[in-house]
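Down below is the structure, laid out as structure tokens.
Lettering of chains follows the sequences in order, A, B, ..., and the numbering in each one begins at 1.
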Protein chains: 2
Amino acid sequence: MNMSPLHQEFVLHFGEMGSRWGINRTVGQIYALLFLSADALNADQITEALGISRSNTSMGLKELQAWRLVRLKHVPGDRKDHFTTPDDLWEIVRILIEERKKREIDPTLTKLRTLEMQGPVGDDYSEARISELREMIEMMTGFYEDMARLETEQLVRLMTYGSRIAGVIEKVGGYLPSSKS
Amino acid sequence: MNMSPLHQEFVLHFGEMGSRWGINRTVGQIYALLFLSADALNADQITEALGISRSNTSMGLKELQAWRLVRLKHVPGDRKDHFTTPDDLWEIVRILIEERKKREIDPTLTKLRTLEMQGPVGDDYSEARISELREMIEMMTGFYEDMARLETEQLVRLMTYGSRIAGVIEKVGGYLPSSKS
DNA sequence: CTACAATTTCAGAAATTTCTGAAAACTCTG
DNA sequence: CAGAGTTTTCAGAAATTTCTGAAATTGTAG
């Protein structure tokens, strides 16, 4: 690996964390490498930097593209495909949340709705527990979708206020502007 | 497996989702089973219901306890340990977020801080990218910790208001009550 | 169309994770 | 403290995931 010590440590860390994040070591390393790279890299550069096989790089990039965490960028005069991560960290966070929601939450929400549709086929406790779970998930995803609509600017302000906002809600009570801004 | 069709489907689904959630199939199934069960179950009941080995049940329960998602409950007159999930879904969500933060975010935050402490050992772009990432993570975890301090009641109201809250912030501007309520 | 460059696919090898059964270690009870 | 009941540990088996090299496919320039 021909990388600065900084790159090296960062890349190895992302590789180790990969399995906890639901991606594999290589995918984590590729992402880390691109994240720290000022300009786009092609697959051969990644392969060489990480000391992995060319096919592994190909599969890793494919997965990262499926996650929308890595983008193709054409460099004029070079036939090879080049890859980058989005610059805007807020965008990355949004993508991460959306993709995780899609993979980790939506299938369960669908399943819960299906189970409820089947009518009362279980004991009362189970039925109630499932409804309650579905409602909770709907509330949280609804809130997320609402927040995702905000401009970054507003979002940062909201997050900076933190829990102080709760006090405001108490005060303002029902006199809030309507939902669709 | 001697479970109602409802339990069966729910348990199998959680088993399948397990790998996406960072737990294994068995752990997902054990959790699902306990989640739907009105009363606490002992390890043998779980073993029988899921058709797995007794030792696997033991390890699964241990992991779920490490996640704080399952609790030990002593049933008078029975020497066996019995297990349940917390009733309050909000509590479960809080625990889930905290534990995932601990496993998926905190180690990286620590690593980023360490890298920054080492002084300027990389190129400017990388250094900047790492600082930016650390700041973003700190902001988000700070916001979460702030929200976690709220009562469930307040949190629900906040989530129900959704993005309308952004408009309120605009209006109220700097005249918010101080952070410590 | 041909020849070469670049990328992807995929079967099997390698590595990792999960699961089991047997044994060890607790923990009550009499 | 003996012994039955219960839980945990752990080495190896089984299953799953990841990785590789070779072959197939796609893309491009002449």
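For A:Asp78, the side chain to side chain donor-acceptor pair (under 3.5 Å) partners at least two apart in sequence or on another chain are A:His82. Listed by chain and residue number, A:Ser126, B:His7 satisfy the side chain to side chain donor-acceptor pair (under 3.5 Å) test with A:Asp123 (two or more places apart in sequence, or in another chain). B:Phe83 is linked by a ring pair (Phe, Tyr, Trp, His ring centres under 6.0 Å) to nothing, counting only residues two or more places apart in sequence or in another chain.
Between the side chains of B:Thr85 and A:Arg129, at least one donor N or O lies within less than 3.5 Å of an accepting N or O. Between the side chains of B:Thr108 and B:Arg134, no donor-acceptor pair of N or O atoms lies under 3.5 Å.
Evaluation of atom-type donor-acceptor distances gives a pair under 3.5 Å for the side chain of B:Ser55 against the base of C:dG21.
Contacts between residues 15-26 of chain A and DNA chain C, defined by a heavy-atom separation below 4.0 Å, involve A:Arg25, listed by number. A heavy atom lying under 4.0 Å from DNA chain C marks the following residues of residues 61-85 of chain B, by number: B:Arg79.
For the pair A:Leu50 CG and D:dT18 P, the computed distance is 16 Å after rounding to whole Å.
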Wobble G-U and Watson-Crick pairs count when both distances are under 3.5 Å; given that, what is the 5' to 3' dot-bracket string of DNA chain D, with | for pairing to other strands? ||||||||||||||||||||||||||||||

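Within the 4.0 Å cut-off from OP1 or OP2 of D:dT7, at least one side-chain nitrogen or oxygen of B:Arg54 is found.
Counting only heavy atoms from C-beta outward, the side chains of B:Arg25 and B:Ser19 never approach each other to under 4.5 Å.
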Does the side chain to side chain contact (heavy atoms under 4.5 Å, CB included) test come out yes or no for B:Arg71 and B:Gln65, once each step is laid out? CA-CA 6 Å; B:Arg71 287 186 190 147; B:Gln65 283 175 286; over 6 Å; no

